[in-house]
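Okay, structure first, notes after.
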Amino acid sequence: MPAIPATSVELTESLDLSALAAWLAGQRWYATKSQAIAAIEVQDAVTLAADPALVLALVRVRLADGRDERYQLVLSFAEADAVTRHDVPVVQRTATATVLDALADPDRARPLLTAIDAETALDGDRGSFSFHRGDYTGPLDTAGLVRPMGVEQSNSSIVFSDTVLKVFRRLEPGVNPELEVLRFLTRRGYPNIAPLRGWCDYQGPGNRATLAVAQQFFATARGGWEMALERIGSDPEGLLTELAELGRATAELHNALASDPGDPDFAPAQPDAGALTAAIAEIDADVQRVFARLPGDERLAAIAGRGEELRGLLTTASRSATGGRAIRTHGDYHLGQTLHTAGGIGWVIIDFEGEPARPLTQRRAKRSPLRDVASMLRSFAYATAATEMAGGSAPDGFEERARDAYLNAYLGVVHPILLPDGDAAVTALLSLFELEKVVYELRYELDNRPAWLPIPATGIQRLLESV
């Protein structure tokens, strides 16, 4: 039997690129399923381990419409006749090897964490792969138990003992906001995050990308969304107390993100009037598009034909929605982006990557912190409704009480300079961002989950009746 090739160049040259493209197109984390892959090439690669061979490969995909996308593959090369676990995807079988997705068989991916711990630097054919341990991190436990973490979305995560490694699948040029924000907050000692323990990045000719980040893993933490669904019915008063704590943690997050006027990437800035005008125009266009296609559904009766009223509310809110500061924010903030620990630090805010569908430049943009607040308030609406849709019962008025608990705690802690001047201006800007969010929700539920339409419909009704 031929031997498995030794170098990353030989290993990647042994791949059947057509089979690789077919495998890639079928992955959950592949971003553009509406477009066929016209061509694929390996742009660079490096070998992290020899036995079994483990390769980081950066591939460029040319889509049918002419656009390019880049992906990171972590490939393990086993013997050609190797017997693998049934749950580990075989990428392809070559003449010399069985090629596996190493991130689906986490023990094969252990050299990634080892390289971070050792602060390894390796040269690929065109660029360099660098592994870094965090500034305030001691040696990592690279020999402990390892397992995959949850269902893959746009990334893949692996738990190594007390460290979780998130490997980015789709790559964009530049520093990923997850790394950038975590590094900033970890250095400043902000307590309500999973501190950064290390990362991996790539630097090639005119091409920089974040490949992975390692963070502390909280083994006993529960998802904030799951906790809320359980406690809305069983312990609503206790949950309201916890949501107030989340409001304080959110305010302290925004204060921390605005704490360094000397760092141009994080220094608070005056809001961009042009950007706000453009955002308002986009929201207005969304309202017109969505209300033009509302079906005659009794679940939408309370908002049917009220698109012009909503546009009027948008105009009214926009007149007062000025002031405060634009800062780096979470960017995709809801209960599903939180963990809750019993005792200790309480809330842990996670996933600072921003909305995956937006370009990296938009995800790094500075915005009003109230955009995060509005998004979390909408998450309370979803949690309350989801509880009742699952057969549970939420106390009367729970959503309003949750909003009040969270918002009062937030406003009591956030630095006043970050917000517009005066309660009326704060309310107007918050309403503007809630309107943006709820119209997005209405469009999403129309396209994907009609049974959930009452949630954004109720949110729109509440906004209209608040005038």
Side-chain angles (χ1 to χ4, degrees), residues 28 30-35 65 153-154 225 275-318 321 329-337 351 353-359 361-363 365 367-368 370-386 388-389 399 403 428-467:
R28 183 185 181 94
Y30 177 67
T32 315
K33 293 181 171 59
S34 61
Q35 290 283 328
D65 65 1
Q153 297 293 331
S154 55
W225 171 259
L276 181 62
T277 299
I280 292 169
E282 184 176 347
I283 298 168
D284 184 73
D286 280 347
V287 171
Q288 294 183 70
R289 284 191 293 265
V290 172
F291 274 77
R293 67 184 184 96
L294 281 186
D297 190 316
E298 63 179 10
R299 295 170 295 188
L300 301 175
I303 63 170
R306 303 185 72 180
E308 290 304 311
E309 284 184 67
L310 199 60
R311 294 180 68 201
L313 176 61
L314 175 62
T315 300
T316 300
S318 66
T329 62
H330 185 284
D332 188 21
Y333 199 44
H334 51 81
L335 284 168
Q337 306 287 41
D351 290 340
E353 193 178 355
E355 297 178 23
R358 292 183 180 272
T361 52
Q362 290 186 22
R363 290 186 274 139
R367 304 175 184 272
S368 167
L370 289 177
R371 195 168 185 269
D372 277 349
V373 173
S375 184
M376 183 59 74
L377 293 178
R378 290 302 307 152
S379 192
F380 300 160
Y382 267 76
T384 305
E388 296 173 344
M389 291 170 67
E399 182 191 341
R403 291 171 60 92
L429 190 55
L430 189 58
S431 296
L432 184 67
F433 290 129
E434 276 202 77
L435 198 159
E436 175 188 35
K437 186 70 175 176
V438 77
V439 171
Y440 165 81
E441 293 166 3
L442 180 60
R443 183 176 71 246
Y444 181 88
E445 306 304 0
L446 281 169
D447 293 338
N448 297 281
R449 297 185 301 191
W452 292 61
L453 280 170
I455 303 175
T458 300
I460 290 172
Q461 184 180 10
R462 185 187 64 77
L463 283 171
L464 289 170
E465 292 174 355
S466 67
V467 179

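Every value quoted in this text rests on a predicted model; they were computed, and no experiment measured them.
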Q) How about L429 and S368: do any of their side-chain heavy atoms sit closer than 4.5 Å? A) yes

(Q) With a 4.0 Å cut-off on N to O distance, would you call E434 and K437 a salt bridge? (A) no

Q: Quick one: list whatever passes salt bridge (charged side-chain N to carboxylate O under 4.0 Å, His left out) with E308, sequence neighbours left out.
A: R311

Q) Side chains of M389 and P454: closer than 4.5 Å at any heavy-atom pair? A) no

Q.
Pair E441, R449 - check salt bridge (charged side-chain N to carboxylate O under 4.0 Å, His left out), show working.
A. CA-CA 10 Å; E441 293 166 3; R449 297 185 301 191; over 6 Å; no

Q | E353 vs Q337 side-chain heavy atoms within contact, under 4.5 Å | A | no

Q: Indicate yes or no for a side-chain donor-acceptor contact from N448 to the backbone of Y444 under 3.5 Å, with no hydrogens or angles considered.
A: yes

Q.
Nearest 0.5 angstrom please: T458 OG1 to I303 CD1, how far?
A. 8.5 Å

(Q) To the closest 0.5 Å, what do you measure between CZ (R293) and CD (Q288)? (A) 14.0 Å

Q: Dump the intermediate steps for side-chain contact (heavy atoms from CB on, under 4.5 Å) on I455 and T384, then the final yes or no.
A: CA-CA 9 Å; I455 303 175; T384 305; over 6 Å; no

Q. Where do W225 and S379 come nearest, in terms of heavy atoms and distance?
A. CZ3-O, 4.0 Å

Q. Step by step, would you call R378 with H334 a side-chain contact (heavy atoms from CB on, under 4.5 Å)?
A. CA-CA 8 Å; R378 290 302 307 152; H334 51 81; over 6 Å; no

Q) Given R371 and E436, is the side-chain contact (heavy atoms from CB on, under 4.5 Å) satisfied, shown in steps? A) CA-CA 9 Å; R371 195 168 185 269; E436 175 188 35; 3.3 Å; yes

Q. Do side-chain atoms of R358 reach the backbone of G331 as a donor and acceptor pair under 3.5 angstrom?
A. no

Q: Output the distance between atom OG1 (T277) and atom CD (E282), rounded to the nearest 0.5 Å.
A: 13.0 Å

Q) How long is the gap from CG on D286 to CG on L442, to the nearest 0.5 Å? A) 10.5 Å

**Q.** Results of salt bridge (charged side-chain N to carboxylate O under 4.0 Å, His left out) for E399 - residues two or more places apart only
**A.** none

Q: Side-chain contact test, heavy atoms from C-beta onward, threshold under 4.5 Å: evaluate it for L313 versus L435 and give yes or no.
A: yes

Q: Report, as yes or no, whether the 6.0 Å neighbourhood of atom CD on E298 holds more than 12 heavy atoms from other residues, nucleotides or ligands.
A: no

Q: Would you name the heavy atoms of L335 and A383 that are closest together and state the gap between them?
A: CD1-CB, 4.1 Å

Q.
Minimum heavy-atom separation for L430 and L377, please, with both atom names.
A. CD2-CD1, 4.0 Å

(Q) Go through it in stages, so that I can follow the logic: the residues are D372 and F433, the test is side-chain contact (heavy atoms from CB on, under 4.5 Å), and I'd like the CA-CA distance, side-chain angles, deciding distance and then a yes or no. (A) CA-CA 9 Å; D372 277 349; F433 290 129; over 6 Å; no

Q: Calculate, to the nearest 0.5 Å, the distance between atoms CZ and CG belonging to R443 and D447 respectively.
A: 7.5 Å

**Q.** Separation of R306 CZ from L464 CG (nearest 0.5 Å)
**A.** 4.5 Å

Q: For residues D297 and L453, report the shortest heavy-atom separation together with the two atoms involved.
A: OD2-CD1, 4.3 Å

Q. Closest heavy-atom contact between E445 and P456?
A. CG-CG, 4.0 Å

Q) How close do Y30 and K33 get, heavy atom to heavy atom, and via which atoms? A) O-NZ, 2.6 Å

